[in-house]
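Since the structure comes first, as structure tokens, the remarks are kept for the end.
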Number of protein chains: 2
Amino acid sequence: MTRTLNATAASLLGFLHEGPLTGWDLVATAQQRIGDFWSLTQSQVYRELTAMAEAGLIEAGETGPRARRPYTLTEAGRVAFAEWLEGDVTEELIRSPLLLVVMFGRHVPADRLAEVIATHRHLHEQRLALYEKQLTEPPAGEPDPYAAATLDFGLRYERAVLDWFDALPEVVRGAS
Amino acid sequence: MTRTLNATAASLLGFLHEGPLTGWDLVATAQQRIGDFWSLTQSQVYRELTAMAEAGLIEAGETGPRARRPYTLTEAGRVAFAEWLEGDVTEELIRSPLLLVVMFGRHVPADRLAEVIATHRHLHEQRLALYEKQLTEPPAGEPDPYAAATLDFGLRYERAVLDWFDALPEVVRGAS
DNA sequence: CCGCACATGTAAGACGTTACATGATTGT
DNA sequence: ACAATCATGTAACGTCTTACATGTGCGG
């Protein structure tokens, strides 16, 4: 019995509530639906799937074409997921190399700092555009207020970040 | 021997530009100055210090009272830090268990969801209050525009998060 | 003179990243 | 028949977390 289900594994169980999925499907699904606030890799997914299958939380089905192996949620898996939801919801973790560079800006040549900032501002602009597109073009099927809430978080976050970029004083911004 | 400096180690070098510091001092300094956007633990700090001393980027000084061992930046360390600043500044990483729970809100009992959200809203309120206090009570010494910029990021981030909480629809918020 | 905070360090395991290896099948 | 994509998996390493072990000196 695993009393120690991590958030990544738990998320996979979450997706499996909607029906059997293969590792490949889960990688794609996770990256689409939670990738913006919970990064994971293909390697991790297969590892967790193997471990969870061994622990009886999921069951591998018949191997299909191209070695597709769909996993099905078991009753134990449902319980483990519910238990995970009851556990501590830890604080979010932000690790921002950009802010690190800004903090040590005193040691960064002005043009380099300007370049780094411009690059990142652009990345956030693009991400905001992507989110705004998702807003106007919601996926087919019944609307999901929970997914909408996480999208709203992303929108507000990206807007706040862009506002921050635009409010940076010229000393920090590096260029004039 | 080069190009394998991680952001955590680089940050320690960054702080050592201001003068010799012990591992203990570095843990405290790092948590104070970058802890809000770059988490690190005591264990990591001692490990990186040992590794960097071996690599000649820093030098351990005389052991003082209570086994205090101040580390001094070497010229090689200065170079390594400068090189790190020239390398790729990767995108920020956000890992938010809260957003995970919200995304899977469909599977969370309404009162539990309400509880989780209230708890986190409170945490962010406190963090905002802390940042606002830092704004009005800047640390002694000459003002640092770079530190001010990272603080501004925190302020904007926390305000955006609180706005998000307050805009959550009741279906998601859990309570009625 | 005693307790608490200071201060360093190690060990072990969990988690994450990158790269590579292997093969099947679909579409052209 | 061939390339591109699908799909799974492993190996190796790097990073992070948690817990523990050990001792010191300052303040009351």
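In the text below, chain A, chain B and the rest are named by the order of the sequence lines, each starting its count at 1.
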How many Å lie between [atom1] on [X] and [atom2] on [N], as a whole number?
X: A:Arg68; N: C:dT26; atom1: CZ; atom2: P; value: 11 Å
X: B:Leu93; N: D:dT15; atom1: CG; atom2: C1'; value: 12 Å
X: B:Leu26; N: C:dT8; atom1: CG; atom2: P; value: 9 Å
X: B:Trp38; N: D:dT17; atom1: CH2; atom2: P; value: 11 Å
X: A:Leu5; N: C:dA14; atom1: CG; atom2: P; value: 14 Å

Between [Y] and [X], is there a salt bridge with N-O shorter than 4.0 Å?
X: A:Arg112; Y: A:Glu115; answer: yes
X: B:Arg127; Y: A:Glu91; answer: yes
X: A:Arg33; Y: A:Glu18; answer: yes
X: B:Glu75; Y: B:Arg78; answer: yes

[X] side chain: which of [options] is closest?
X: B:Ser43; options: D:dA11, D:dT8, C:dT10; answer: C:dT10
X: A:Gln44; options: C:dG9, C:dA7, C:dT17; answer: C:dT17
X: A:Gln42; options: C:dC15, C:dA11, D:dG9; answer: D:dG9
X: B:Trp24; options: D:dA7, C:dA7, C:dA11; answer: C:dA7
X: B:Arg69; options: C:dA11, C:dT8, C:dT18; answer: C:dT8

N or O in side chain of A:Asn6 less than 4.0 angstrom from C:dA14 OP1/OP2: no
Short side-chain N/O contact from B:Tyr46 to OP1 or OP2 of C:dT8, under 4.0 Å: yes
Taking any heavy-atom pair under 4.0 Å as a contact, classify [X]: base, sugar-phosphate, or nothing.
X: A:Thr8; answer: sugar-phosphate
X: A:Arg47; answer: base
X: B:Thr50; answer: nothing

